[in-house]
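Reading through the structure tokens given below for one structure.
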Amino acid sequence: MKNKSSKIVFLFALLFLAVMGSSLNGSNHEQANAQGLSDTNSTGDTNSTGDTNSTGDTNSTGDTNSSSGFYSNKDLFVTSEPSGFGIYEEKNSTSYSPGESIILYIEPVGFEYNNVTDEDGTPLFSIDFGASFLITSSNGTILGGQENVPIGNIISHNQNKEVFIPFTVTQSVPFPAGDYVIIYKITDENSGKTFELNKNITIK
């Protein structure tokens, strides 16, 4: 049993060094298909917690799109990369095959906007997130993860409210069969606030 556990930890240590294609999307002028916030319910095993300490940039406007803190308005597994805000196909299972990509659709709200300007001096707004994740066994043993997952930012003429993050964990080598927990951490870089999402998955 000890050898098996050590093997799993070693596999995950290798897997997650090279994991992650994660991108940020919002309903700016380039995304015509964005829809209004359609659902205020988070999926079952979500654990969202807002950090009350703001360490944001002094250029932050202080304006947010929520009065309830920074949190996930919706987070669910989807079958493929979402094509826009609210445009996705929900995965009706938390079971994955070895090698299958794990895509979580997240709608963050309560983020702050930063004042920026373009090369002509036109005032714009910036939305900027950071991300990290951990994978643990069902009993809480940390198996792997990654800090500073690359997520692009949004520069817009408007204070966009319809923003989503498609967070993809790629099995570059098939994971061993078993039950796992993925702990996602999303940071609003403009305010310093964070929330976490705990998601149970099974590889079989």
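Because the structure is a prediction, the values reported are computed rather than measured. Both backbone and side-chain heavy atoms feed into the values below; hydrogens, waters and symmetry mates do not.
For the pair N190 and F111, the minimum side-chain heavy-atom distance is 4.5 Å or more. Using a 4.5 Å cut-off on side-chain heavy atoms (C-beta onward), I203 and P98 make contact. Inter-residue side-chain proximity for F167 and D75 is flagged as unmet; no heavy-atom pair is nearer than 4.5 Å. At a threshold of 4.5 Å between non-hydrogen side-chain atoms, the residues L197 and S72 count as touching. Within the 4.5 Å cutoff, the side chain of N200 has heavy atoms near those of the V181 side chain.
Remark: L104 CG to L76 CG distance equals 7.0 Å, nearest 0.5 Å. Taking CD of E107 as the start and CG of N73 as the end, the distance is 5.5 Å to the nearest 0.5 Å. With values rounded to the nearest 0.5 angstrom, L134 atom CG is found 9.5 Å from K185 atom NZ. Atom NZ of residue K204 and atom CG of residue D179 lie 9.0 Å apart, to the nearest 0.5 angstrom. Taking NE2 of H157 as the reference point, atom CG of D118 lies at 7.0 Å (rounded to 0.5 Å). In this structure, CD1 in I135 is found 4.0 Å from CD1 in I182, a value given to the nearest 0.5 Å.
No donor-acceptor pair under 3.5 Å is formed between the side chain of N114 and the backbone N or O of V116. E112 places no side-chain N or O within donor-acceptor distance of the main-chain N or O of K193, the cut-off being under 3.5 Å. A donor-acceptor pair under 3.5 Å links the side-chain atoms of Y105 to the main chain of G86, judged by distance alone.
Put simply, the residue from N160, I155, N153, D188 that forms a side chain to side chain contact (heavy atoms under 4.5 Å, CB included) with I127 is N160. Remark: of the listed residues F70, Y71, F129, F70 is the sole one forming a ring-ring contact (aromatic ring centres under 6.0 Å, His included) with F195.
Here the shortest heavy-atom pairing between P108 and V163 reads CD-O, 3.4 Å. For the pair Y113 and Q159, the tightest heavy-atom approach, listed with the atom from each and the gap, is OH-O, 3.4 Å. Across N158 and F125, no two heavy atoms sit closer than the pair C-CD1, 3.7 Å. The minimum heavy-atom distance between P123 and T117, with the atom names listed, is CA-CG2, 4.1 Å. Contact between S132 and V149 at its shortest, heavy atoms only, is CA-CG2, 4.0 Å.
Judged by distance alone, the side chains of E90 and Y88 never bring a donor and an acceptor atom under 3.5 Å apart. A donor and an acceptor atom, one from each side chain of D120 and T122, are nowhere located under 3.5 Å apart.
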CA sep, side-chain torsions, deciding dist, call: Y96, F77, side chain to side chain contact (heavy atoms under 4.5 Å, CB included): CA-CA 11 Å; Y96 290 84; F77 289 120; 3.2 Å; yes
From CA spacing to verdict: side chain to side chain contact (heavy atoms under 4.5 Å, CB included), Y184, I165: CA-CA 12 Å; Y184 301 86; I165 302 171; over 6 Å; no
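Within a 6.0 Å sphere centred on NZ of K91, heavy atoms belonging to other residues, nucleotides or ligands number more than 12.
Cation-pi check for K74 over F164 is not met; the charged atom does not lie both under 6.0 angstrom from the ring centroid and within 45 degrees of its normal.
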